[in-house]
Amino acid sequence: MTQLDLSPLAGALGATVRGLDLGAELSSETIAAIRAAFVEHHVLVFRDQELSPEQQMSFGRRFGELDTHPFVEGNAEYPEVIDVVTEPDDVFNFGGGWHTDVTFLEEPDLGSILYAVDVPQGGGDTLFSNQHAAYDALSETMKEMLDGLVGIHSAGPQYADGGSSTFHKSMKTKEADLASAFVAHPVVRTHPESGEKALYVNGAFTVSIAGLHGDESAHLLRFLIRQATKEIFTCRVQWEPGTLVMWDNRSVQHYALYDYAGQRRHMRRVTVKGDRPT
Ligand code: SIN
């Protein structure tokens with residue numbers, strides 16, 4: 001297999017990949033090597049890329065079919081592309097809390113591919129947390145207790161009327177009335193490629209744990225969400241224009257920091273469709 005030039009980003013997860021032009025026609029061997037590194041490191045960072053939306057979409061399609069977001073308006077020309085934009089007069093940014101993308105879908109996205117177009121002078125980093133490490137660090141007794149539990153997910157807290165994201169000025173939402181549906185996923189999922197177990201609850205979309213009383217569910221969720229995002233399990237990406245990051249939504253949560261008030265940030269996101277978590 002093609003050898004990639006990889007260096008780790010942090011102890012817990014993440015790697016920088018050097019020496020590839022993602023806008024070029026990459027061989028199947030190179031794509032296979034990227035996919036293997038993606039499954040192993042969960043977050044891959046590629047610097048100094050120059051990608052048009054078409055090139056970013058073509059790269060994404062090498063990993064599967066692209067998705068369109070059910071509630072966020074895509075780019076007018078390329079519906080599979082979301083322009084993640086924060087304007088200087090916005091008061092928060094998209095993705096500004098720990099979450100896994102679109103777990104309110106029956107088949108949440110496999111991964112997301114984010115490209116930096118315009119970044120603040122300082123700030124606007126994205127944090128990632130390794131959900132395999134968060135699971136592995138639990139006691140055997142807690143693991144046994146979680147086995148078989150089911151989390152209930154909904155887009156409601158973020159996208160239903162009155163939800164916290166719907167009034168974001170720089171990005172438009174759509175079909176928000178569909179956001180209140182509920183979807184069930186295992187609290188611990190098994191990665192379909194590596195076979196490793198990962199915690200699969202998040203503070204943005206997991207609203208309860210099935211079969212528990214309200215206060216039991218709230219307490220357990222609070223504990224698990226804290227476990228999932230402990231500093232020791234994280235890495236941090238500092239963006240430059242032309243940085244592309246791809247992350248495995250089956251393995252990580254992420255958090256787009258909003259610490260750059262008064263500045264502009266423009267990222268381009270495409271997502272690759274995934275399967276039903278088991
Ligand atoms: C997202 O949650 O997909 C946005 C991440 C970011 O803008 O850094």
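- The aromatic rings of Y255 and W98 stand perpendicular to each other, their planes meeting at an angle above 60°, with 30° marking the opposite boundary.
- Of the possible polar contacts, one joining the H185 side chain to the L105 backbone as a donor-acceptor pair under 3.5 Å is found.
- Between D90 and R265 there is no salt bridge, since no side-chain N of the basic residue sits under 4.0 Å from a carboxylate O of the acidic one.
- Looking at D275 and P192, their side chains come closer than 4.5 Å, going by heavy atoms from C-beta outward.
- Heavy atoms only, all atoms of each residue included: N130 and A12 are closest at ND2-O, 2.9 Å.
- Within the structure, the side chain to side chain donor-acceptor pair (under 3.5 Å) test picks out the following pairs touching residues 104-115 (sequence neighbours left out): D101-S112, E106-R276, D109-T271, S112-N249.
- Counting heavy atoms of neighbouring residues, nucleotides and ligands inside a 6.0 Å radius, atom CD1 of I232 does not exceed 12 of them.
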Intermediate values then yes/no, side chain to side chain contact (heavy atoms under 4.5 Å, CB included), L66 and R61: CA-CA 6 Å; L66 299 186; R61 286 199 185 101; 3.8 Å; yes
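- In terms of modelled atom types and a separation under 3.5 Å, the side chain of E50 and the main chain of D21 share no donor-acceptor contact.
- By the 30° and 60° cut-offs, the orientation of the rings of W247 relative to H254 is tilted.
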side-chain hydrogen bond (donor to acceptor under 3.5 Å, both in side chains) evaluation trace for R18 with S7: CA-CA 8 Å; R18 291 195 182 77; S7 51; 2.9 Å; yes
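- Enclosure of atom CD in Q238 is not indicated, since only 12 or fewer non-hydrogen atoms of other residues, nucleotides or ligands lie within 6.0 angstrom.
- Hydrophobic clustering (ILVMFWY, side-chain heavy atoms < 4.5 Å, transitive): L51 and V272 are in one cluster.
- Taking hydrophobic clusters as Ile, Leu, Val, Met, Phe, Trp and Tyr residues chained together by side-chain heavy-atom distances below 4.5 Å, V17 shares a cluster with L244.
- Heavy atoms only, all atoms of each residue included: I82 and M171 are closest at CG2-CE, 3.7 Å.
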From CA spacing to verdict: salt bridge (Lys or Arg N to Asp or Glu O under 4.0 Å), E80, K273: CA-CA 11 Å; E80 296 105 326; K273 287 186 179 178; over 6 Å; no
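- Ring geometry, H42 versus H132: the interplanar angle falls from 30° to 60°, so the pair is classed tilted.
- The two residues V39 and R250 have their closest heavy-atom pair at CG2-NH2, 4.3 Å.
- Salt bridge absent: R222 and E216 never bring a charged side-chain N and a carboxylate O closer than 4.0 Å.
- A donor-acceptor pair is defined here as one N or O able to donate and one able to accept, closer than 3.5 Å; no such pair exists between the side chain of D83 and the backbone of V85.
- In plain terms, the two heavy atoms of L4 and A37 that are nearest each other are CD1-CB, 4.0 Å.
- Residues F104 and Q158 form no side-chain contact, since every pair of their non-hydrogen atoms from C-beta on lies 4.5 Å or further apart.
- In this structure, the side chain of K143 does not engage the main chain of A137 through any donor-acceptor pair within 3.5 Å.
- Checking E54 against Y78 by side-chain atom types alone, a donor-acceptor pair falls below 3.5 Å.
- Although no hydrogens or angles enter the test, the distance criterion places no donor-acceptor pair under 3.5 Å between the side chain of E196 and the main chain of A133.
- Using a 4.5 Å heavy-atom cutoff, the side chains of K197 and D147 are in contact.
- Judged purely by atom type and a 3.5 angstrom limit, T86 has no side-chain atom pairing as donor or acceptor with the backbone of R264.
- A chain of hydrophobic side-chain contacts below 4.5 Å, direct or via other Ile, Leu, Val, Met, Phe, Trp or Tyr residues, connects Y135 to V187.
- For S27, the side-chain contact (heavy atoms from CB on, under 4.5 Å) test picks out E29, T30, with sequence neighbours left out.
- Between L220 and L146, some side-chain heavy-atom pair lies under the 4.5 Å cut-off.
- Remark: the backbone N or O of I113 is paired with a side-chain donor or acceptor of Q56 at under 3.5 angstrom.
- The main-chain N or O of R47 is never found under 3.5 Å from a side-chain atom of E240 such that the two would form a donor-acceptor pair.
- Contact detail for P79 and T68: the closest heavy-atom pair is O-CG2, 3.7 Å.
- For the pair M57 and V270, the tightest heavy-atom approach, listed with the atom from each and the gap, is CG-CG1, 4.0 Å.
- Within the 4.5 Å cutoff, the side chain of Q121 has no heavy atoms near those of the Y260 side chain.
- Using a 4.5 Å heavy-atom cutoff, the side chains of V245 and T126 are not in contact.
- Both L221 and M142 belong to a single network of hydrophobic side chains, linked directly or stepwise wherever heavy atoms of I, L, V, M, F, W or Y lie under 4.5 Å apart.
- With a 4.5 Å cut-off on side-chain heavy atoms, Q131 and Y200 do not count as touching.
- More than 12 heavy atoms of other residues, nucleotides or ligands shown are found within 6.0 angstrom of CD on E193.
- Two residues are said to be in side-chain contact when any heavy atoms from C-beta on lie closer than 4.5 Å; F38 and L110 meet this criterion.
- Linking ILVMFWY residues whenever their side-chain heavy atoms come closer than 4.5 Å, directly or via other members, places L212 and I225 in the same cluster.
- Between F71 and the options F94, Y159, F205, a ring pair (Phe, Tyr, Trp, His ring centres under 6.0 Å) holds for only Y159.
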